[in-house]
Amino acid sequence: MKLNVGVIFGGKSVEHEASILTAIQAISHIDSEKYEVVPIYVTKNLEWYTGGCLKFLDTFKDFDLIKRYAKRVILVNKEGRYVLQKVGVVKSEVCELHLAFPMVHGANMEDGSIQGYLNLIGIPYVGSNIYSSVMAQDKVFMKQVLMANDIPVTKFVWFGERFYRNKKEELFKQIDELKYPLIIKPATLGGSIGVETITQKEEIDSTIERAFKFDSKVVIEEKISDMVEYNCSVLLTPNGNITSEIEEIKTSKEMIEYGDKFLVGDALKDSSIERTCPADIQDKLRKEIETYSLAVFKMLNMRGTARIDFLYDTKNKKLYVDEVNSIPWCFAHHLWEARNISYRELLNVMIQDAISVEVKHQEMTLTINSDVIKNTTNAKLKEMK
């Protein structure tokens with residue numbers, strides 16, 4: 001019998017469209033001999049839909065097609081069965097799921113939100129858990145954890161909106177300790193959304209205000225002027241964690257923008273982005289990138305696959321971890337194919353890992369029998385401290 005795998009994508013995120021592209025591409029590579037794919041699209045209004053039409057990109061160019069041909073559903077636990085149930089007066093079952101596969105990007109989805117919901121329902125799912133996802137998505141958490149474990153990150157300060165409004169003088173003293181140029185980022189977004197470079201102090205206030213339109217938490221970090229970006233992915237396999245091929249990304253732009261990630265073929269040739277895989281680097285730097293990638297993956301207790309983004313200071317010959325992606329754009333499949341691991345095999349390994357986690361989960365003690373309620377009276381409850 002095939003396992004029904006619910007591929008969840010979309011959601012209330014600024015990376016909504018990127019999630020659709022990742023899911024549609026990955027769905028076509030999931031092993032159809034082993035798994036029955038059930039697409040589950042979450043709209044920006046957080047309505048859930050399922051239906052065969054959601055496997056095709058053209059469907060998302062006209063939302064009326066989704067409302068016409070897909071079924072609006074909710075995911076429920078029916079006595080241990082995970083069911084997509086129609087929304088409406090007649091709450092009929094659409095299908096049963098055995099496993100969920102989140103293919104979401106960005107805050108409100110990838111950041112542990114969807115993982116928490118799936119945990120609450122009880123359905124097993126592919127990839128990292130809540131804790132790993134939160135730390136990877138939040139640039140402040142990520143940097144603090146890595147710094148505490150001697151993993152290099154660029155010098156930074158962070159703050160919330162209340163601190164910025166009420167203690168601006170104290171904040172600016174912290175910022176004065178950084179060297180210009182500076183990069184200002186929303187702390188929990190990805191895809192370079194809301195990221196800006198500033199070269200002088202007079203630009204700080206207006207740039208921070210724009211960043212707060214995307215997030216309530218902001219990071220300011222030193223920018224490396226002479227820099228090359230390297231990407232490396234890590235995959236959890238039955239035989240341990242392994243690294244993908246390393247990709248080098250160069251650009252003549254001030255920074256790589258959100259739309260740049262979607263450039264392929266002739267569009268990439270005509271852009272200012274230069275991607276090289278495998279990266280043409282010395283063995284020492286390659287080893288350093290691989291070592292740090294494995295360390296970060298283990299440190300954040302990640303599962304499935306993740307992509308670690310690095311910044312390399314070419315002037316000072318120093319490597320920094322920039323970001324961690326718990327659900328990489330298109331699962332960084334091109335980095336694995338460069339290591340002769342096909343997209344289908346990559347997804348198979350991830351799904352099999354989720355199955356093994358669920359087997360272990362069923363062996364664990366998750367509840368205990370207790371007489372606490374039975375033996376407590378209303379009088380005793382009032383006296384409790």
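As a basis for the values below, the full set of heavy atoms in this structure was taken, side chains included, without hydrogen atoms, waters or symmetry mates. Position 1 is the first residue of the sequence; numbering continues from there. The structure presented is a predicted model; accordingly, all values stated were derived computationally and were not measured.
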Sole candidate of Lys139, Lys143, Lys179 that passes salt bridge (Lys or Arg N to Asp or Glu O under 4.0 Å) when paired with Glu221: Lys143

Members sharing Leu65's hydrophobic cluster (side chains within less than 4.5 Å): Tyr69

Centroid separation Phe101 to Phe331 less than 6.0 Å: yes

Shared hydrophobic cluster, Phe212 / Phe172 (ILVMFWY, side-chain heavy atoms < 4.5 Å): yes

Donor-acceptor contacts, no H, no angles, side chain residues 75-88, under 3.5 Å, sequence neighbours left out:
{"unit_1": "Asn77", "atom_1": "OD1", "unit_2": "Gly80", "atom_2": "N", "d": "2.8"}
{"unit_1": "Asn77", "atom_1": "ND2", "unit_2": "Ile121", "atom_2": "O", "d": "2.8"}
{"unit_1": "Lys78", "atom_1": "NZ", "unit_2": "Gln85", "atom_2": "OE1", "d": "3.2"}
{"unit_1": "Lys78", "atom_1": "NZ", "unit_2": "Glu93", "atom_2": "OE2", "d": "3.4"}
{"unit_1": "Arg81", "atom_1": "NH1", "unit_2": "Glu93", "atom_2": "OE2", "d": "3.2"}
{"unit_1": "Arg81", "atom_1": "NH2", "unit_2": "Glu93", "atom_2": "OE1", "d": "3.0"}
{"unit_1": "Tyr82", "atom_1": "OH", "unit_2": "Gly122", "atom_2": "O", "d": "2.8"}

Exam field: side chain Thr305 to backbone Val234, donor-acceptor pair closer than 3.5 Å: yes

Side-chain H-bond candidate by donor/acceptor type, Tyr230 with Asp322, under 3.5 Å: no

Between Glu15 and Ser19, a side-chain donor and acceptor under 3.5 Å: no

same_hphob_cluster(Met147, Tyr292) at 4.5 Å side-chain heavy-atom cutoff: yes

Linked, directly or transitively: Ile8 and Val37 (ILVMFWY side chains, under 4.5 Å): yes

Lys201 with Asp176: basic N within carboxylate O range, under 4.0 Å: yes

Value rounded to 0.5 Å, distance of CD1 in Ile123 from CG in Leu99: 6.5 Å

Lys/Arg-Asp/Glu bridge criterion (N-O < 4.0 Å) met for Lys44, Glu17: yes

Value rounded to 0.5 Å, distance of CD1 in Ile242 from OG in Ser293: 12.5 Å

Ile308 reachable from Leu335 in the ILVMFWY side-chain graph, under 4.5 Å edges: no

Whether Thr314 side chain and Asp226 backbone form a donor-acceptor pair below 3.5 Å: yes

Ring centre gap for Phe60 and Phe9 strictly below 6.0 Å: yes

Aromatic ring pairing His29/His333, orientation class (parallel under 30°, perpendicular over 60°, tilted between): parallel

Donor-acceptor contact below 3.5 Å, side chain Thr59 vs main chain Cys53: yes

Of all pairs that satisfy salt bridge (Lys or Arg N to Asp or Glu O under 4.0 Å), the ones with a partner from residues 277-286, not counting sequence neighbours: Glu245-Arg286

Aromatic Phe141 / basic Lys217 pairing, under 6.0 angstrom, 45° off normal: yes

Side chain Ser216, main chain Gly160, donor-acceptor under 3.5 Å: no

Any donor-acceptor pair under 3.5 Å from Glu110 side chain to Ile327 backbone: yes

Backbone N/O of Lys318 and side chain of Asp313: donor-acceptor pair under 3.5 Å: no

Salt-bridge criterion met for Lys67 and Asp64 (N-O under 4.0 Å): yes

Intermediate values then yes/no, side chain to side chain contact (heavy atoms under 4.5 Å, CB included), Arg344 and Asp31: CA-CA 6 Å; Arg344 174 172 292 195; Asp31 192 340; 3.8 Å; yes

Separation between OG1 of Thr22 and CH2 of Trp329, rounded to the nearest 0.5 Å: 5.0 Å

Main-chain N/O of Arg303 paired with Ser128 side-chain donor or acceptor, under 3.5 Å: yes

Single-linkage hydrophobic cluster, 4.5 Å side-chain cutoff, Ile151 and Ile246 together: yes

